[in-house]
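Read the structure below first, then the notes.
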Amino acid sequence: GAVVSQHPSWVICKSGTSVKIECRSLDFQATTMFWYRQFPKQSLMLMATSNEGSKATYEQGVEKDKFLINHASLTLSTLTVTSAHPEDSSFYICSAVKSSTDTQYFGPGTRLTVL
Amino acid sequence: DAKTTQPTSMDCAEGRAANLPCNHSTISGNEYVYWYRQIHSQGPQYIIHGLKNNETNEMASLIITEDRKSSTLILPHATLRDTAVYYCIVSVLRGSARQLTFGSGTQLTVLP
């Protein structure tokens with residue numbers, strides 16, 4: 001199997017606060033995880049690549065100081081949205097790479113709403 | 001990365017085979033073709049992937065043309081639960097992992 005979980009599944013926060021989203025690979029180890037963002041009626045957009053034991057690599061236009069990524073272990077990566085604003089409201093999805101199959105498996109997503 | 005072209009939407013009758021086409025005419029030799037699907041408000045689900053040979057698993061079959069410029073995903077007996085957006089993605093190895101760039105995909109609607 002290749003199961004990826006995310007927590008929380010949804011969160012509502014006030015503008016200016018920070019929110020942490022966890023991504024876990026439950027039955028395999030993942031050296032690499034990815035974070036995506038999806039706005040309504042749009043496709044997934046890659047935000048950053050999270051590598052265990054090293055700094056994340058951010059896509060162009062994604063602020064690394066606003067979206068903090070920590071890949072603490074081979075089964076856990078976290079995304080912290082700092083000083084959230086309403087325009088950060090989105091569906092955040094992570095994926096973990098199962099190296100034996102060279103395939104990304106996705107979590108169920110986290111719906112963030114910033115008031 | 002090679003770009004892909006997919007029809008915006010397709011319908012399929014329940015119980016019939018669903019054939020989803022994808023063009024990737026600029027694909028290069030080390031790029032794989034991946035298929036994922038996304039049901040509304042859920043994370044994408046992996047379906048199948050291949051390099052140049054046809055592939056089959058419990059979910060679907062992937063037919064890749066000999067010149068690798070196009071492929072077709074086949075769901076042999078579509079059910080209502082197969083209604084989803086299907087993404088055809090050509091990935092390239094960057095560092096130690098393959099990056100996926102999602103396009104607009106094909107909205108497949110399975111009709112009763």
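All chains are named by letter (A, B, ...) in the order of the sequence lines, taking the proteins before the strands, and each is independently numbered beginning at 1.
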Tell me the closest heavy-atom pair linking [X] and [Y], and the distance in Å.
{"X": "A:Phe91", "Y": "B:Ser41", "answer": "CZ-O, 3.6 Å"}
{"X": "B:Arg98", "Y": "A:Phe34", "answer": "O-CZ, 3.9 Å"}
{"X": "A:Thr101", "Y": "B:His49", "answer": "O-CE1, 3.7 Å"}

Let me check something: do [X] and [Y] share a hydrophobic cluster, defined by ILVMFWY side-chain heavy atoms less than 4.5 Å apart, either directly or through other members?
{"X": "A:Ile69", "Y": "A:Tyr36", "answer": "no"}
{"X": "A:Val11", "Y": "A:Val81", "answer": "yes"}
{"X": "B:Met59", "Y": "B:Val110", "answer": "yes"}
{"X": "A:Trp35", "Y": "A:Val62", "answer": "yes"}
{"X": "A:Val19", "Y": "A:Val114", "answer": "yes"}

Around atom NE2 of A:His85, are there more than 12 heavy atoms of other residues, nucleotides or ligands at under 6.0 Å? yes

Hey, which of B:Gly105, B:Ser104, B:Gly103 has the most heavy atom pairs under 4.5 Å with chain A? B:Gly103

Chain B contact via [X] - side chain, backbone, both or neither, heavy atoms under 4.5 Å:
{"X": "A:Ser9", "value": "neither"}
{"X": "A:Leu44", "value": "both"}
{"X": "A:Thr103", "value": "both"}

Looking only at atom types and distance, does a side-chain atom of B:Tyr36 sit under 3.5 Å from a main-chain N or O of A:Gln104, one as donor and one as acceptor? yes

Is any side-chain heavy atom of B:Tyr87 closer than 4.5 Å to one of A:Ser43? yes

When you compare the side chain of B:Tyr46 with that of A:Phe106, does any pair of heavy atoms fall below 4.5 Å? no

Between the side chains of A:Gln38 and B:Gln38, is a donor N or O closer than 3.5 angstrom to an acceptor N or O? yes

Let me confirm one number: the CG-CG distance from B:Leu100 to A:Leu46, rounded to the nearest 0.5 Å. 8.5 Å

